[in-house]
Each structure stands twice: as structure tokens, then as C-alpha cells.
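To start, the structure under review is shown below, and the notes come after it.
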Amino acid sequence: LKVKTEIELRGGPNGDGGEAKNTKTSGLGNDIKFEYIPFAYSNGKNLLFRNIEPVRKVFDVLGDESNYPVFFHCRIGTDRTGLIGLLVNALVGVELQDIYQDYLFSDFGRIGKTSTVGQNNEDSIAGYVQQLQAFPGDTLQNKVYNFLLTAGVPAAKLDTLINVLTEGDKPTNSANKIAVTTVDNMTLTGAAMTSKTATRSPAKQANFTAANQKASYTFTSDKAFSAKLFANIMSKNTSLTIANAFTVTIDGTPVTLKTTSFATTSLGFGTQAEYWIPAEFADITVPAGSHTIVIETKTATAISLSQIAFQMDTNAIITKA
């Protein structure tokens with residue numbers, strides 16, 4: 001098969017490398033590039049949203065043409081492998097019915113279990129699709145493209161994957177504009193900026209540990225736009241909601257925050273592992289011109305922030321002031 005790259009997805013219940021922590025090289029040979037990107041697989045539903053950073057890192061690999069052909073796998077080949085298969089298939093325009101059928105073939109590996117296409121839990125493709133359908137776009141392909149942009153995958157990586165895996169006319173992506181900024185482009189007050197190399201962590205993150213700590217982003221838009229405001233956050237608190245934990249202002253005017261996100265009604269999953277989620281904070285409307293958005297904590301709960309994203313209804317150009 002002339003495989004060049006192996007992606008190892010095994011990570012144990014909490015994504016801490018319990019299944020493959022001692023695996024350092026590919027079982028296919030020393031000449032195979034080995035990418036260790038552990039996924040978590042239990043502790044409740046929303047397998048997709050509890051593995052945002054690993055998903056982003058998988059698509060960093062898949063977005064490099066020099067890595068192909070690529071072999072990716074977990075332990076049995078259903079949940080984590082099936083999730084990446086779903087995202088890749090959707091991204092290149094495969095119809096949903098064919099995606100379901102493809103997932104069911106991988107589902108044969110679930111020893112002693114029955115198929116769970118119709119159930120909304122962590123083993124179910126239906127749960128993934130339900131969450132992805134909430135993103136902007138005219139088709140599932142558009143929605144997955146926009147979801148991956150929101151997760152922090154550069155558009156160039158996604159376009160490379162599409163070019164490598166399709167022939168002829170390329171799929172047309174949604175007109176929805178996604179603008180993403182990481183915390184190293186923001187001004188912090190009280191919060192501490194840290195750099196991480198851990199597999200499940202973003203490279204840069206702001207850590208909040210007290211009330212009234214802030215992350216501010218000043219930007220210019222060439223035109224007015226409405227958008228969904230997302231923030232990639234990580235917390236182990238299971239009782240606070242987004243609205244309980246933060247205030248958000250734009251140019252000093254408070255924004256009404258959501259009480260739930262796509263992933264959970266609470267900030268976190270209450271485990272020892274880092275679970276980064278793209279939380280939907282608010283619906284906002286921004287005039288053309290220069291603006292400052294401020295995210296401020298209301299609590300001493302430990303929360304980390306890696307990026308914010310605007311899912312806009314128009315092709316506004318966002319530039320850092």
C-alpha cells in the first residue's frame with residue numbers, strides 16, 4: 001500500500017495514553033512516519049467535542065500532501081477511527097447515507113454490541129452528525145468544513161486534503177466566513193499565558209484562576225456582520241454554565257451569553273484529562289469599523305481559553321488592530 005504515515009488514535013478512557021503510552025514507532029516499520037494523537041473514548045457522550053485538539057492535530061497531518069498514503073486507527077476501529085472517517089468523508093462531499101453505511105462497516109468491530117447509528121451517545125454517528133448540523137453551511141460538507149475551521153484547522157490544510165482525495169471539479173465550500181484568533185493575539189489582564197507541548201493541549205492558552213480576569217481582542221471589520229461567537233475553552237467544572245462563568249462585552253456593551261454549548265450544559269466534563277470544547281458563547285452583531293471584545297471571568301474556577309472564532313453571515317474581513 002506504500003503507506004508513509006501512521007496516525008495512532010489510542011489514548012484510553014481519558015486520552016492519557018493508557019492504551020498506547022509505550023508505542024513510539026509504527027508497527028509497519030521504522031521508515032513509517034509515526035504520529036501519536038491519542039483520543040479519549042468514554043466518560044459520557046460527545047466523543048467529538050471531547051477530542052477537539054486531537055481532531056485538529058489529525059487534520060494537520062491529513063492536510064500535508066507529503067504524508068500520503070496515511071493509515072489511521074484506534075483499537076477496534078469503530079468510535080475514534082469512525083469519527084475521523086466521518087469527518088474526512090463529509091469533507092470531500094460523500095453523501096450522508098453513504099457515510100452511515102461506511103460507519104456501519106466499521107461498527108462490525110464493536111464486539112458484543114449492536115449498531116448504534118440511531119442513538120445519540122458517544123458510540124453513535126448520529127450524535128456526531130447532530131452536533132455538526134448545527135454549524136453554518138448549506139450542506140454537511142460545508143458544515144464540517146466550517147466546524148474544522150472553528151476548531152482551528154487552517155483552510156489551506158482542508159483544501160489540501162480535498163485536493164489530494166478528490167478528482168475533477170472540487171467541492172464548493174460554504175460562503176460562511178470563519179474568523180479565528182488565538183490567545184497570543186489577545187491582551188490578557190490577570191490571566192496567565194502558557195505554552196504547551198502536550199498532545200491534547202493547544203500550543204498557547206490563557207489560564208484564568210480568579211474573578212475579573214480578562215482576555216481582550218481589538219479588531220477591525222471592513223463591513224458590518226452578524227455572527228455566532230465561539231471560544232475554545234477547557235475546564236473540569238461540571239456545575240457552572242458559560243453564562244455563570246463569564247461576561248462578554250463588545251465596545252463596553254454587555255452581550256447576552258448562551259447557557260449551553262454544543263458539547264455540554266456545563267463548562268467541563270469533570271475528569272483529569274484536558275477536554276477542549278468549542279463553546280458557543282453568543283449571537284452578536286458588529287458594525288463596520290474598530291471594536292474590542294472582552295471576555296471576563298465571574299468566578300475563581302480554573303478555566304483555560306485557547307482561541308475565539310466568529311462564524312459570520314457575510315464575508316467580512318477581520319484584521320487585528
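Excluded from the calculations below are hydrogen atoms, water molecules and symmetry mates; all remaining heavy atoms, backbone and side chain alike, are included.
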Determine whether [X] and [Y] make a side-chain contact, defined as any pair of heavy atoms from C-beta on separated by less than 4.5 Å.
| X | Y | value |
| --- | --- | --- |
| Val248 | Thr256 | no |
| Lys298 | Leu240 | no |
| Leu140 | Asn142 | no |
| Phe59 | Leu91 | yes |
| Met193 | Val183 | yes |
| Phe208 | Thr299 | no |

Which side chain to side chain donor-acceptor pair (under 3.5 Å) pairs, counting each pair once, include a residue from residues 82-99, with sequence neighbours left out? Asn89-Asp102
Suppose the criterion is side chain to side chain donor-acceptor pair (under 3.5 Å): which pairs have a residue in residues 57-76, not counting sequence neighbours? Glu6-His73, Glu19-Arg75, Lys33-Asn67, Arg56-Asp60, Asp64-Ser66
Compute whether any side-chain donor of one residue and acceptor of the other, for [X] and [Y], lie under 3.5 angstrom apart.
| X | Y | value |
| --- | --- | --- |
| Asn244 | Thr241 | yes |
| Ser216 | Thr292 | no |
| Asn146 | Gln311 | no |
| Thr220 | Thr319 | no |

Taking 4.0 angstrom as the limit, do Asp184 and Lys204 come out as a salt bridge? no
Would you call Lys258 and Asp283 a salt bridge, taking side-chain N to carboxylate O under 4.0 Å as the test? yes
Enclosure of Lys157 NZ (heavy-atom neighbours >12, cutoff 6.0 Å): yes
Within 6.0 Å of CG in Leu28, more than 12 heavy atoms from elsewhere: yes
Determine whether a donor-acceptor pair (N or O, by modelled atom type, separation under 3.5 Å) exists between the side chain of Thr297 and the backbone of Phe246. no
For Asn51 and Ala40, indicate whether the former's side chain and the latter's backbone hold a donor-acceptor pair under 3.5 Å. yes
Could you check whether the rings of Phe135 and Phe147 sit parallel, tilted or perpendicular, using 30° and 60° as the cut-offs? perpendicular
Only one of Thr249, Thr247, Ile250 clears side-chain contact (heavy atoms from CB on, under 4.5 Å) with Val255; which? Ile250
Identified side-chain contact (heavy atoms from CB on, under 4.5 Å) partner of Leu62 from the options Leu158, Leu161, Thr160: Leu161
Mind running side-chain contact (heavy atoms from CB on, under 4.5 Å) on Leu132 and Leu48 for me, showing each step along the way? CA-CA 9 Å; Leu132 292 166; Leu48 172 60; 4.0 Å; yes
Shortest non-hydrogen contact between Tyr217 and Ile308, atoms and distance: CD2-CD1, 4.1 Å
On a heavy-atom basis, the closest approach of Ile277 and Ile52 is CA-CG1, 4.2 Å
Given the rule in the side-chain contact (heavy atoms from CB on, under 4.5 Å) test, do Ile318 and Asp222 qualify, once you have shown the distances and angles that lead to the verdict? CA-CA 7 Å; Ile318 301 293; Asp222 70 329; over 6 Å; no
So that I know where these two stand, are Phe281 and Phe230 an aromatic pair - ring centroids less than 6.0 Å apart? no
